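Read through the structure below, which is laid out as structure tokens, and then see the notes.
What you are looking at is a predicted structure, and each value in this text was computed from that prediction instead of being measured.
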Amino acid sequence: MLAHELRPPKGSKHARKRVGRGNASGRGTYSGRGVKGQKSRSGGKPKLGFEGGQTKLIKRLPRRRGFTNIFRKEYSAVNLRDLERFESGTEVTPELLKESRVLRTLRRPVKVLATGELTKPLTVKAHKFSMTAKAKIEAAGGTAQEIGDGDGG
């Protein structure tokens with residue numbers, strides 16, 4: 001069998017209905033558009049979301065309003081309690097966090113947050129730190145180093 005001999009299975013393709021070709025065709029006169037009115041005219045269609053003067057759905061659902069900031073940066077959050085598992089003096093990097101399954105992916109930049117306590121001195125490398133997290137790491141005798149510009153790749 002050659003490419004030019006291929007045919008779709010019988011009955012899977014239908015000829016489109018050719019409307020407005022006279023009454024004998026069975027689709028003449030109003031051509032399936034009913035009688036008169038906005039929807040029977042060419043180009044006669046209300047704009048998307050129009051509900052005949054009733055308040056639009058989008059306005060009735062307040063939580064769906066506003067806009068989405070396309071420049072927003074999503075960070076993977078890591079809490080101090082997650083860093084407690086590492087031994088004293090360890091250099092904690094995003095790669096190490098992924099290896100130890102604290103992070104799922106390295107696609108997003110990492111931000112260290114201050115939930116929990118840190119009792120060991122660690123060198124923590126991340127894209128961002130909350131002020132409290134930085135203070136707690138330094139209070140435990142460790143260092144907090146920011147890496148990259150935090151754009152996540």
Side-chain angles (χ1 to χ4, degrees), residues 1-19 31-34 37-153:
M1 179 172 274
L2 299 172
H4 71 277
E5 295 171 339
L6 290 174
R7 293 272 178 272
K10 197 134 183 82
S12 68
K13 294 285 181 182
H14 301 276
R16 76 181 172 87
K17 286 190 175 131
R18 297 181 69 231
V19 297
S31 307
R33 286 175 176 263
Q38 185 179 22
K39 284 159 56 177
S40 73
R41 321 246 187 254
S42 72
K45 201 193 296 185
K47 65 183 178 184
L48 190 69
F50 182 71
E51 297 187 30
Q54 173 176 298
T55 306
K56 288 189 266 185
L57 179 69
I58 199 72
K59 281 195 161 184
R60 295 197 304 261
L61 301 174
R63 69 183 174 281
R64 294 282 175 243
R65 290 165 80 178
F67 78 107
T68 304
N69 183 358
I70 60 168
F71 301 107
R72 179 168 187 247
K73 285 182 189 160
E74 290 258 348
Y75 288 91
S76 293
V78 175
N79 283 302
L80 289 182
R81 65 169 174 238
D82 302 326
L83 303 180
E84 193 62 34
R85 68 176 70 186
F86 299 108
E87 291 177 30
S88 182
T90 308
E91 186 177 284
V92 181
T93 61
E95 289 76 22
L96 181 66
L97 291 169
K98 169 98 166 72
E99 223 172 87
S100 57
R101 298 187 176 208
V102 174
L103 291 178
R104 284 185 175 186
T105 180
L106 292 176
R107 286 174 190 256
R108 292 191 284 189
V110 178
K111 182 167 183 176
V112 179
L113 304 176
T115 304
E117 292 302 318
L118 191 64
T119 56
K120 306 166 192 166
L122 300 172
T123 303
V124 185
K125 292 186 175 184
H127 298 93
K128 288 264 189 207
F129 293 89
S130 71
M131 286 170 63
T132 321
K134 204 171 207 173
K136 283 185 178 182
I137 292 168
E138 287 164 2
T143 56
Q145 296 175 8
E146 287 196 18
I147 54 173
D149 55 358
D151 65 358

Close side-chain approach of [X] to [Y], heavy-atom, < 4.5 Å:
{"X": "Gln38", "Y": "Pro46", "answer": "yes"}
{"X": "Leu97", "Y": "Leu83", "answer": "yes"}
{"X": "Lys39", "Y": "Arg33", "answer": "no"}
{"X": "Thr90", "Y": "Leu96", "answer": "yes"}
{"X": "Ile137", "Y": "Leu122", "answer": "no"}

Checklist entry - Is there a donor-acceptor pair under 3.5 Å between the side chain of Arg85 and the backbone N or O of Val102? => result no

Checklist entry - Does Lys134 reach the main-chain N or O of Ala144 with its side chain, forming a donor-acceptor pair under 3.5 Å? => result no

[X] and [Y]: which non-hydrogen atoms are nearest, and at how many Å?
{"X": "Ala133", "Y": "Val112", "value": "CB-O, 3.6 Å"}
{"X": "His127", "Y": "Pro94", "value": "CE1-CG, 4.4 Å"}
{"X": "Ser12", "Y": "Pro9", "value": "OG-O, 2.8 Å"}

Checklist entry - Taking atom CD of Gln54 as the centre, does the number of heavy atoms from other residues, nucleotides or ligands within less than 6.0 Å exceed 12? => result yes

Next on the checklist: My understanding is that only residues two or more places apart in sequence, or in another chain, count here; which of them pass side-chain contact (heavy atoms from CB on, under 4.5 Å) with Leu57?
Outcome noted: Glu51, Arg60, Leu61

Item to check | Leu48: partners by side-chain contact (heavy atoms from CB on, under 4.5 Å), with sequence neighbours left out | outcome: none

Checklist entry - Yes or no on side chain to side chain contact (heavy atoms under 4.5 Å, CB included) for Glu84 and Leu118, after CA distance, side-chain angles and deciding distance? => result CA-CA 6 Å; Glu84 193 62 34; Leu118 191 64; 3.6 Å; yes

If I take atom [atom1] from residue [X] and atom [atom2] from residue [Y], how far apart are they, to the nearest 0.5 angstrom?
{"X": "Lys13", "Y": "Lys10", "atom1": "NZ", "atom2": "NZ", "answer": "14.0 Å"}
{"X": "Glu117", "Y": "Lys136", "atom1": "CD", "atom2": "NZ", "answer": "4.0 Å"}
{"X": "Lys111", "Y": "Glu74", "atom1": "NZ", "atom2": "CD", "answer": "12.5 Å"}
{"X": "Phe86", "Y": "Glu91", "atom1": "CZ", "atom2": "CD", "answer": "12.0 Å"}

